[in-house]
Protein chains: 2
Amino acid sequence: MVEFLCGLDAAVAVVGGKWKPLILWALSVEPRRTGELRRELSGVSEKVLTQQLRELERDGVVHREIHQQVPPKVVYRLTRKGAALDRALRPLGEWGEEHMDAIREVRA
Amino acid sequence: MVEFLCGLDAAVAVVGGKWKPLILWALSVEPRRTGELRRELSGVSEKVLTQQLRELERDGVVHREIHQQVPPKVVYRLTRKGAALDRALRPLGEWGEEHMDAIREVRA
DNA sequence: GGGTACACCCACCTGCAGGTAAGTACCGAA
DNA sequence: TTCGGTACTTACCTGCAGGTGGGTGTACCC
């Protein structure tokens, strides 16, 4: 790994994770706490959510903001790079929106 | 499955496969025969390549054109829908191009 | 006759992404 | 004093995407 054939390859390495696109989408609306994210993306396990958030943080698209208090409070927000990534994903989302029905139909 | 939370979800269902983005990229340059694709995407096994091509065909983004002759000749090309998908992937590719170095660096 | 190229198909196997369930440490409310 | 909420971590397990290696049929070249 760590060798990309093209830009698309690199981008996929960042957003390629079961919940990552949805996480980015959620955070693009507004910053959120861990629990809020968990409830929004119904179906994610706690482990996988934090895991994917850590990877997004490592890749520099998500910022983790720890409010030192009890009980703990952690807020996630998109970095500038993350916002750009989100914008780059928009056309893909629109394409999906447009052809969703046809795709769904073909898988029955 | 067959239930998408949003357009992005649907699009990912289509391009989410180890070689699919690269296949689309290759076919966007020009239509290709099976063997040409195999050589271009060095690393794909024959099985997985045809498998992913079949799925892309089923999803209506790739057209399979069989020239009835011996030895067999099969040409794959993007459909209009496929070309639109390719265009929708461009911004993502550019984002990747731009941040590729940073991403590579963070994974060492 | 042996080798190569074409575009497949099939049975089998492996690695790892993702899921499950439990534990940590703290506090406030019932 | 037990419960619920906060944000995690750890050990363990499972399913399946993807990879390996073989086989098919035809025709050309040496």
Side-chain angles (χ1 to χ4, degrees), chain A residues 1-5 8-9 11-24 26-27 31-59 62-77 103 107, chain B residues 1-5 8-9 11-24 26-27 31-59 62-77 103 107:
Chain A
M1 235 304 203
V2 194
E3 210 40 64
F4 303 122
L5 291 120
L8 193 48
D9 223 32
V12 166
V14 174
V15 294
K18 188 163 176 188
W19 304 95
K20 286 180 185 176
L22 289 161
I23 292 173
L24 290 180
L27 293 183
R32 276 163 219 272
R33 303 184 55 176
T34 314
E36 291 171 337
L37 274 175
R38 263 204 30 225
R39 270 167 254 127
E40 187 129 359
L41 318 181
S42 59
V44 225
S45 71
E46 207 166 350
K47 190 200 81 172
V48 173
L49 177 61
T50 50
Q51 188 178 291
Q52 309 226 341
L53 281 167
R54 288 291 133 75
E55 288 170 14
L56 291 171
E57 192 192 1
R58 178 203 55 185
D59 291 332
V62 156
H63 176 70
R64 181 157 169 263
E65 193 176 302
I66 308 135
H67 296 250
Q68 203 56 30
Q69 57 184 234
V70 163
K73 176 177 177 178
V74 175
V75 176
Y76 294 94
R77 61 178 73 252
I103 297 165
R107 317 197 166 191
Chain B
M1 237 300 205
V2 192
E3 209 41 63
F4 303 122
L5 291 119
L8 193 49
D9 223 32
V12 166
V14 174
V15 294
K18 187 163 177 189
W19 303 95
K20 286 181 184 177
L22 289 161
I23 291 173
L24 291 180
L27 293 183
R32 274 163 221 271
R33 302 185 56 177
T34 314
E36 292 171 337
L37 274 174
R38 263 202 32 221
R39 269 168 256 124
E40 188 128 358
L41 320 181
S42 59
V44 225
S45 70
E46 209 167 350
K47 191 201 82 170
V48 173
L49 176 60
T50 51
Q51 187 179 289
Q52 309 226 340
L53 281 167
R54 287 292 133 75
E55 289 170 12
L56 291 171
E57 192 193 1
R58 180 202 55 185
D59 291 331
V62 156
H63 176 70
R64 182 158 167 262
E65 192 177 300
I66 308 136
H67 296 249
Q68 202 56 29
Q69 59 185 230
V70 162
K73 177 177 178 179
V74 175
V75 176
Y76 295 94
R77 60 178 73 251
I103 297 165
R107 316 197 166 192

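Keep in mind that the numbers below use all heavy atoms, side chains included, and drop hydrogens, waters and symmetry copies. Chain letters run A, B, ... following the sequence lines, proteins first and then strands; every chain starts at 1.
- Phosphate proximity of C:dC6 to B:T34: absent, as no side-chain N or O sits under 4.0 Å from OP1 or OP2.
- The CD1-C1' distance, from A:I66 to D:dT6, rounds to 14 Å in whole Å.
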Query raised in the report: So B:W19 and B:L49, side-chain contact (heavy atoms from CB on, under 4.5 Å) or not? Walk me through it.
Result: CA-CA 8 Å; B:W19 303 95; B:L49 176 60; 5.8 Å; no

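- Of the residues in residues 35-47 of chain A, those with a non-hydrogen atom less than 4.0 angstrom from any atom of DNA chain D are A:G35, A:R39, A:E46, A:K47.
- Listed for the B:T50 side chain is a donor-acceptor partner under 3.5 Å among the backbone atoms of B:K47.
- Residue B:Q52 contributes atom CD, which lies 8 Å from atom C1' of D:dG18 at whole-angstrom precision.
- Rounded to whole angstrom, the span from the CD atom of B:E57 across to the P atom of C:dC8 amounts to 10 Å.
- Within the 4.0 angstrom heavy-atom criterion, no nucleotide atom of any strand lies near B:Q69.
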**Report entry** Check against side-chain contact (heavy atoms from CB on, under 4.5 Å), A:I103 and B:F4
**Finding:** CA-CA 10 Å; A:I103 297 165; B:F4 303 122; 4.1 Å; yes

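- Applying the 4.0 Å criterion to OP1 and OP2 of D:dA7, one finds that A:R33 has a side-chain N or O inside that range.
- Checking the phosphate oxygens (OP1, OP2) of D:dT9, no side-chain nitrogen or oxygen of A:Q51 falls inside 4.0 Å.
- A straight line from CG of B:L53 to C1' of C:dC6 spans 15 Å, rounded to a whole angstrom.
- B:K73 has its NZ atom 17 Å from the P atom of D:dA27, to the nearest Å.
- The nearest whole Å value for the distance from the CG atom in A:L49 to the P atom in D:dA7 is 10 Å.
- For B:R54, a side-chain nitrogen or oxygen approaches OP1 or OP2 of C:dC9 to under 4.0 Å.
- At least one donor-acceptor pair under 3.5 Å links the side chain of A:R32 to the backbone N or O of A:A26.
- Here the C1' atom of nucleotide D:dT26 and the NE2 atom of B:H67 are 18 Å apart, to the nearest Å.
- In this structure, the side chains of A:L22 and B:D9 come closer than 4.5 Å at one or more pairs of heavy atoms.
- When each of A:P72 and A:K18 is assigned the nucleotide of DNA chain C with its nearest heavy atom, A:K18 is the one assigned upstream, toward the 5' end.
- A straight line from CZ of A:R64 to C1' of D:dC8 spans 8 Å, rounded to a whole angstrom.
- Residue B:Y76 places none of its side-chain N or O atoms closer than 4.0 Å to OP1 or OP2 of C:dA7.
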Query raised in the report: What's the verdict on side-chain contact (heavy atoms from CB on, under 4.5 Å) for B:V48 and B:K18, showing C-alpha distance, side-chain angles and the deciding distance?
Result: CA-CA 9 Å; B:V48 173; B:K18 187 163 177 189; 6.0 Å; no

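- Counting heavy atoms from C-beta on, the side chains of A:E57 and A:R54 come closer than 4.5 Å.
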